[in-house]
Amino acid sequence: MYGVQRLVGIKRMPWVFLIPNLTAVLLFALLPVFINIFYSVSGSDRLFPWDRTLIGGANYATLFDCTNYLDPSTCSRDLFWRALGNTMVFVPIQVTVMIGVALITALCLNRDIRGRGFFRGIFFFPVMLSPVVVALMWQWILQRNGALNGLMGAVGLTPVNWLVFPNTAFFWSVFITVWAHMGFYTIILLAGLQAIPRDVYEAARMDSASPWRSFTKITLPLLKPVLLVVFILAVIRSVQTFDELYVLTGGGPGSATMLMVQYIYEVGFASQPRNFGLAAAASLLLGLALLIFTAIQMRISRGGTDD
Amino acid sequence: MTDLGMVKSGSSIGAFITRRRGRKRLDWTDWLTYVYLLAGLVIMFTPVLWVVVSSFKTPANLTEFPPTLLPYAAETVIVEGYDDPLPLFDVTTDEGETVRLAQLRRVGINAQMIDPANPEERLTIPVENAEPVRQIYLAGENYTNLLSSTGGMIWRYVFNSLFITVVATIITLIMNSMAAFALSKYRFRGSNMALVAILATLMIPATVVLVPTYMIVAQLGLVGNLWGVILPTVATPTGVFLLRQYMLTIPDELIEAARMDHASEWRIFWRIILPLSAPALAVVAIFSILSRWNDFLLPLVVLTRRESYTLQLALASFQTEYGIRYDLLLAMTTLTALPLAFAFIFLQRYITSGIASTGIK
Amino acid sequence: MANLTLENLKKSFGVVEVIPGVDLEINDGEFVVFVGPSGCGKSTLLRMIAGLEGVSDGDIRIDSASVVNTPAADRGVAMVFQSYALYPHMTVRENLSFGLENIRMARPEIERRVSDAAQLLQIEQFLERRPKQLSGGQRQRVAIGRAITRDPKIFLFDEPLSNLDAELRVLMRIEITKLHERLGNTMIYVTHDQIEAMTMADKIVVLRKGVIEQVGAPLDLYNNPRNLFVAGFIGSPRMNFIEGSLSHSDTGQIMFEAEGLQPLPLPDTNPSLGARERVTLGVRPEDFVISREVGAGWPVTVGVAEQYGASSYLHCTLKGDIPVLIHEAGQSLARRGDVLHIAPRGSQWHLFDADGLAVGR
Amino acid sequence: MANLTLENLKKSFGVVEVIPGVDLEINDGEFVVFVGPSGCGKSTLLRMIAGLEGVSDGDIRIDSASVVNTPAADRGVAMVFQSYALYPHMTVRENLSFGLENIRMARPEIERRVSDAAQLLQIEQFLERRPKQLSGGQRQRVAIGRAITRDPKIFLFDEPLSNLDAELRVLMRIEITKLHERLGNTMIYVTHDQIEAMTMADKIVVLRKGVIEQVGAPLDLYNNPRNLFVAGFIGSPRMNFIEGSLSHSDTGQIMFEAEGLQPLPLPDTNPSLGARERVTLGVRPEDFVISREVGAGWPVTVGVAEQYGASSYLHCTLKGDIPVLIHEAGQSLARRGDVLHIAPRGSQWHLFDADGLAVGR
Amino acid sequence: VGQTITLWTDDTGTGGEIFAEMAEQFESENPGVDVVVEEVSYQTLVESLPVQLEAGEGPDIAVITDLGGLSRFYVDITDSVDAEYFEQEWGQTLGWLRGDDTESTAIYGMPTTLTVNGGYVNLTLFEQAGVPVPEEGATWEEWAEATRQVAEATGTDFPMEMDRSGHRFASLAISYGAELVDEAGNPVVDDGLKAAIEQFVAWHQDGTMPMDLWGAVGGATHRELFSDFLNAATVMYFGGSWTLAQMDTEVGDLFDWAVVPAPCGPSSCTVMPGGGAMTVFNHSENPDIAGQLVDFYARPENLDYYISREVEIPSAVSQIENGVEYPSASERTSEALATFIAQIPKMDDAAYRFQGWRYQRAMMNAMTTRISQVLNNELTVDEALVRIEEDVNLAIQAGG
Ligand SMILES: Nc1ncnc2c1ncn2[C@@H]1O[C@H](COP(=O)(O)OP(=O)(O)OP(=O)(O)O)[C@@H](O)[C@H]1O
Ligand SMILES: Nc1ncnc2c1ncn2[C@@H]1O[C@H](COP(=O)(O)OP(=O)(O)OP(=O)(O)O)[C@@H](O)[C@H]1O
Ligand SMILES: [Mg+2]
Ligand SMILES: [Mg+2]
């Protein structure tokens with residue numbers, strides 16, 4: 001390795017360190033995106049770009065083929081719009097609930113209580129389960145003859161066929177994704193909480209601050225940078241939600257829980273023949289939406305902190 | 001002059017409610033915390049516990065509704081003249097007595113039963129009068145069936161999963177930390193570009209680029225090869241980000257000191273930076289282990305041969321067009337989650353301290 | 001206004017008894033400094049007074065009312081933390097008014113108090129800045145301002161200047177002294193710094209392992225330490241200690257003898273002082289009479305001669321390698337290797353018995 | 001062994017010129033201390049000598065060979081960093097030998113050198129410990145040891161003691177002085193601390209904004225500062241400055257006049273000193289003659305009287321609110337509000353012209 | 001020089017084992033050839049194999065179920081096999097493998113087994129309810145009515161259930177007169193399909209069928225709830241012949257059950273055929289040897305051995321006509337198999353055409369997706385029909 005340094009000179013050593021990772025990024029992350037862009041403007045179910053024919057914006061036109069943009073039923077690709085709509089409802093709700101719950105949990109775990117390590121483990125445990133396992137497990141619990149209905153029957157409640165109704169299915173979609181991922185954010189928030197100096201709280205105590213006021217006036221503002229990271233990560237992850245819901249509901253009932261990524265997967269992968277072009281077009285639109293969101297988010301957060 | 005003293009009397013009730021640690025009693029916020037955490041414990045853990053308990057249920061016990069809390073199996077008895085063991089039932093006779101009989105066959109609302117003590121006489125009993133005799137029974141055969149149904153391949157899957165997880169994690173750690181080192185400790189043109197390029201990939205859902213990724217893997221001739229799963233996943237943007245944030249906190253003076261000590265840049269990285277980044281490396285390792293171990297879609301398309309299957313793929317093969325084998329699935333789930341549970345137990349204390357020190361603040 | 005009484009105050013953390021029992025009376029308006037080696041319980045004591053730490057046993061009375069069950073905020077005390085503990089996300093103004101808003105004080109009154117405090121501490125021009133945008137000294141002033149706005153009966157300071165550089169410390173030290181003079185409140189001040197203790201205190205409390213060793217005015221402690229610990233602790237550089245024994249000379253003079261050294265007559269002795277086997281002689285660096293004449297005292301060899309410009313410190317060794325530090329006013333002419341002769345000046349020496357207790361002259 | 005020559009050395013960061021041009025000659029074996037206000041370029045200069053920072057223009061010569069293009073490790077200089085920059089994950093032994101291993105030195109030779117250095121610095125018993133397990137002073141010694149093992153021609157120290165507490169600083173200061181005496185290497189030492197500069201240096205280099213203001217022996221600078229800046233910078237507490245003008249008295253005495261103050265005859269003046277419009281009179285705190293008699297000098301009012309025990313500092317104000325700090329040996333009897341009369345002692349005063357340059361007496 | 005032939009089969013049955021076992025003989029007949037039989041998951045065959053083939057990867061031979069969809073990856077093995085014998089035994093199914101190309105006479109592989117959709121009925125419940133089991137020729141409506149009566153009488157949760165699968169639904173649709181695909185390979189959305197969907201929706205609305213399958217699940221996801229039948233929670237379950245083995249082992253003595261003849265629609269009494277075919281792929285380096293291996297498996301004695309060991313429905317005409325012995329099967333299973341085999345001659349041409357259509361999967365996915373949407377009031381039946389046609393046309397566009 002010293003040989004390398006002598007060869008390229010110390011000035012170029014950072015590139016030597018960067019190249020392996022950068023190569024992998026270019027090859028397995030950025031190149032696929034560019035291939036996707038090409039897919040979106042070409043037709044046929046052929047995998048290799050050189051086998052495909054250019055068709056221009058036809059795929060985009062198909063996606064936007066609607067008679068009334070306010071009513072997805074009138075769109076040729078109504079599922080694209082429904083999935084988009086669902087994503088736009090799912091993401092804010094799921095992220096809000098997730099961050100809310102994770103924050104409360106982190107606050108509890110940050111207290112000086114017995115069994116902190118144990119509880120921390122409990123809340124983190126689901127993060128370790130694979131999405132497929134999580135979904136199968138909950139499907140098995142929530143199905144008509146599942147454990148939850150058994151439990152409800154046992155305590156005298158009428159069993160509910162949870163996954164049959166759009167609203168309850170949506171509720172459980174949010175619940176399960178929160179259940180599975182909140183541990184991750186809890187730990188990050190916990191780390192953020194622990195980074196807040198203790199003496200600031202003591203000062204607040206001397207300053208007669210009630211617990212609520214120390215939370216809103218001290219904890220929240222000081223946690224803001226971490227919350228921002230958590231927020232962005234949670235949004236990205238939430239938009240990417242796929243495996244759990246695919247196994248749990250397949251996007252149903254109807255298309256009530258079908259999110260964008262599932263739509264893309266079904267169009268581009270699970271169908272026969274595979275419509276890579278349409279899937280790529282949809283994914284690029286999704287990417288565009290994410291990009292705009294991130295940009296706005298950055299702008300807001302930069303505007304919010306003036307130091 | 002001392003209005004704080006006056007506040008005291010006015011807010012004594014408030015003071016009582018907000019009374020906090022240092023007093024000998026638990027205050028209400030402590031109670032609230034415990035209630036919340038216990039509720040959390042139930043919600044977070046019972047499903048998992050339920051899976052583990054259920055993995056010991058027989059298929060019949062599994063499909064039962066309402067489900068039983070513990071795994072039960074019908075008690076059976078071997079009766080002379082019958083090859084298979086017969087299930088036992090407690091039958092309430094017309095006189096109100098209860099006798100224990102073995103069921104031969106059930107036809108409609110009636111069942112044919114015999115008294116094990118007196119196998120000659122066949123009785124016809126209405127089904128609603130018969131209550132199966134059951135005992136707690138741990139169906140270890142779910143696990144043994146699992147092993148046999150996978151044709152002894154399970155160790156192969158375990159090996160594959162371990163190989164992918166370990167190798168990918170090691171490569172991830174080395175590659176990410178090299179990149180993070182370059183991006184945190186050198187000032188050079190293009191460093192911002194490189195950082196943005198790496199972080200931008202955070203936003204790309206793996207599912208969406210599955211097809212092109214597969215194509216690239218195929219072009220590299222890695223289909224069916226464990227490396228075809230390992231290589232596309234090693235350049236994780238979060239890993240680079242976390243490590244970089246952490247390395248920013250390592251004083252530059254250490255590097256300068258090492259340079260004055262004749263250390264080459266590689267040696268600085270290998271002997272100084274890497275050991276010092278241990279907490280952040282632990283965090284990245286945990287995340288890498290989790291995601292590699294649980295990876296599903298990419299292995300599904302890339303790992304085509306049974307010998308190259310991972311545990312997750314094997315798990316999925318219990319859910320086919322022909323139905324879900326819950327008994328095997330649950331056993332397998334328990335088995336695949338176990339190593340992670342252990343990994344977590346050993347590494348958990350690094351997670352918070354590690355994240356805390358990676359400077360996400 | 002505010003007398004403070006600590007009565008048999010005890011504190012244990014788990015099984016570790018940190019403060020085994022402290023009795024102390026602090027009068028209204030006094031400036032009391034707690035000193036003691038690291039870990040002796042200074043902060044703990046202060047935090048118990050503030051109400052941030054519970055009391056294991058004993059009582060704390062402010063103006064003869066027990067406050068052990070009063071929440072921190074209602075005791076009428078204010079604390080200035082070592083790390084300032086300013087709210088980093090609030091402007092200086094918000095920092096100053098936060099406590100007042102918490103007790104729902106009327107807006108105009110808050111503004112009046114904030115601007116009064118700001119004026120007093122000359123931080124008016126920083127009111128809209130965040131703590132990050134302030135220098136160390138300015139932050140310190142804000143921290144004090146925050147305490148002032150609450151108009152407390154007692155101010156508590158926990159090493160408030162230890163994060164400042166030497167020059168700023170001198171300035172802030174004087175400012176706090178002036179503040180005390182102006183406000184006239186009771187102030188309790190914890191420090192490691194000799195100079196701060198000596199120059200600021202009305203009364204110094206010397207602690208060792210949670211036990212009060214001596215209480216008194218600074219010069220009182222400096223001139224009449226009650227024991228070896230206080231003698232060694234108060235004064236910087238430290239008092240020189242030489243072990244030896246006492247005897248009577250033929251002339252009735254009391255002589256101090258140490259191994260290898262000629263017996264030295266102690267000037268101004270109290271004739272009642274008898275002969276003793278094991279005593280320690282303590283002489284402060286500035287309390288030696290230095291001469292270049294043989295016979296005028298013990299001979300010492302100069303090691304390092306440190307010239308401060310205004311004064312000089314000679315690091316010397318007595319026979320038997322006993323180090324002796326000598327202070328000489330002005331710029332010394334002594335060089336390494338010179339031999340000087342030293343003897344305690346007048347009554348400026350201290351004697352301690354085998355138990356370390358001061359022996360009256 | 002090693003003379004060091006800086007020749008018109010310049011450094012810019014981007015467009016900011018930090019060092020506009022420095023010429024300096026350091027002789028073999030000298031102990032040179034760089035002092036100057038924060039940001040004046042001391043560290044930059046040192047790092048340029050070490051080779052950690054590039055040179056914008058000019059030349060650095062060690063033993064008359066230019067080293068500007070030699071890598072840091074090969075210049076034969078060793079640096080001791082402010083934060084020690086010990087490798088936290090290596091034992092003391094590994095810290096000491098890392099640099100030697102990097103140049104593939106033979107094992108026995110490495111061991112010999114490490115044990116020599118450890119013996120010299122009395123850290124043999126810590127060789128197997130990690131830096132974390134050492135106290136501040138011990139760490140400092142290890143840092144020095146690491147420099148020693150490399151057997152450099154020149155030692156560079158960048159504020160090596162600033163992280164230690166006051167007591168330890170005194171000790172380490174003396175140890176470094178002794179080390180210098182023993183090794184006899186050229187040492188360059190950057191510090192903020194007056195005392196360190198005064199007591200350790202053979203030669204002090206005073207820097208301001210990257211420009212050398214004065215070079216000389218410590219007492220030389222103390223007694224004969226070349227300008228107002230050096231006068232104010234060297235010496236702690238600072239020299240008192242009073243602005244006024246010079247005139248001749250009727251008796252031919254040279255008189256210093258300041259607004260509102262009676263003209264004061266300056267003792268021991270050089271008759272060639274003419275009348276001047278705007279001068280600054282500088283008198284160090286210890287250079288006042290204090291008297292309680294009216295007419296014996298300027299009357300000052302005592303503000304805070306700080307009693308250090310061995311000496312006292314009186315913070316006084318001259319008419320017109322000009323602050324004057326007076327040093328009194330021993331324990332002063334002055335109290336707040338007392339009026340004292342002061343005059344400069346003998347020739348212990350300094351005069352600076354309107355440009356701040358010292359005016360010969 | 002050793003030549004390696006890789007063969008993939010899915011891992012649900014024991015097929016792989018038997019193929020491997022038989023391959024030993026082939027290997028001894030052809031020294032130097034190494035046959036590697038690999039059992040892969042069904043998901044791999046359906047989702048991953050096509051992508052691999054696209055990339056020129058994958059096995060030499062696979063037993064696949066999407067017969068028409070993959071036709072462009074097959075290699076013609078006419079020269080390696082007894083073409084006449086193949087045409088005679090599998091004339092119709094060989095056409096499925098040719099996909100769009102109706103002109104072709106190429107032989108792309110050997111259909112291995114046939115699967116047949118069919119209804120399982122809980123006889124015990126009928127008995128308890130005292131309702132007679134509808135005879136052969138009974139219509140879907142009659143079945144619905146009868147099962148409703150049974151469910152009501154016995155307190156069973158649901159009268160009928162059907163796998164969430166376009167393939168299952170196609171059985172109903174074709175019976176109702178749906179053409180689904182015309183001779184030219186274009187999707188047909190006709191009144192038959194509309195009637196079938198309307199009927200199907202009505203059954204979900206009146207509780208004849210539970211929402212759990214078609215209602216609660218979205219997209220193209222396959223879903224089954226055979227456990228409902230095993231738990232006697234439904235009177236009739238419309239699934240497939242492949243569930244037989246599970247029935248035999250898991251129902252045991254709990255109740256009496258039977259496979260019933262295909263219910264009739266206004267148009268016909270058909271169910272969908274299905275099944276796998278062993279095909280050789282065009283990237284294979286040894287297509288000749290691969291073809292010979294297929295030919296080897298196609299030998300009558302090997303075919304019989306395989307079918308009887310596997311307890312599957314044969315696909316070869318002679319076997320269907322002559323019947324196959326199943327020495328290892330129970331009496332009830334043999335009976336059920338006979339019923340399944342008896343349905344084969346009744347199958348509508350439309351069913352065969354649909355099964356062999358390259359865009360069958362696209363159509364089936366469209367049907368499952370859209371019917372679920374109708375069930376959840378996201379679309380009307382008419383809108384759904386329009387969407388189904390659009391979906392398939394889009395797929396044809398993409399595939400073209
Ligand atoms: N929360 C705690 N739990 C257990 N022991 C503690 C706790 N806080 C302090 N101690 C122990 O109590 C003793 C006194 O601590 P304290 O902080 O009062 O010392 P101090 O005099 O302020 O020291 P320093 O000068 O270093 O600040 C120490 O031995 C410390 O280890
Ligand atoms: N890498 C850099 N880029 C830009 N400016 C720098 C850099 N390093 C130092 N400077 C600037 O150069 C000037 C001199 O810095 P230097 O660190 O040498 O000061 P210093 O005398 O050591 O100060 P201190 O006593 O605070 O350590 C400062 O104004 C500083 O802001
Ligand atoms: Mg303390
Ligand atoms: Mg510096």
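All values reported here derive from a predicted model rather than from experimental measurement. Heavy atoms only: backbone and side chains are in, while hydrogens, waters and symmetry mates are out. We name chains A, B, ... by the order of the sequence lines, and we start the count at 1 in each one.
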Are any of the side-chain heavy atoms of [X] and [Y] separated by less than 4.5 Å?
X: E:Gln397; Y: A:Asn275; result: no
X: E:Val217; Y: A:Leu163; result: no
X: A:Leu47; Y: E:Val51; result: yes
X: A:Arg77; Y: E:Asp391; result: yes
X: E:Met211; Y: A:Arg144; result: no
X: E:Leu375; Y: A:Pro253; result: no

Polar side chain donor-acceptor pair, [X] to [Y], under 3.5 angstrom:
X: E:Gln373; Y: A:Asp78; result: yes
X: E:Glu378; Y: A:Ser255; result: yes
X: A:Asn161; Y: E:Asp212; result: yes

Checking [X] against chain A: side chain, backbone, both or neither under 4.5 Å from a heavy atom?
X: E:Leu394; value: both
X: E:Thr369; value: side chain
X: E:Arg164; value: neither

Presence of salt bridge, E:Arg358 and A:Asp45, under 4.0 angstrom: yes
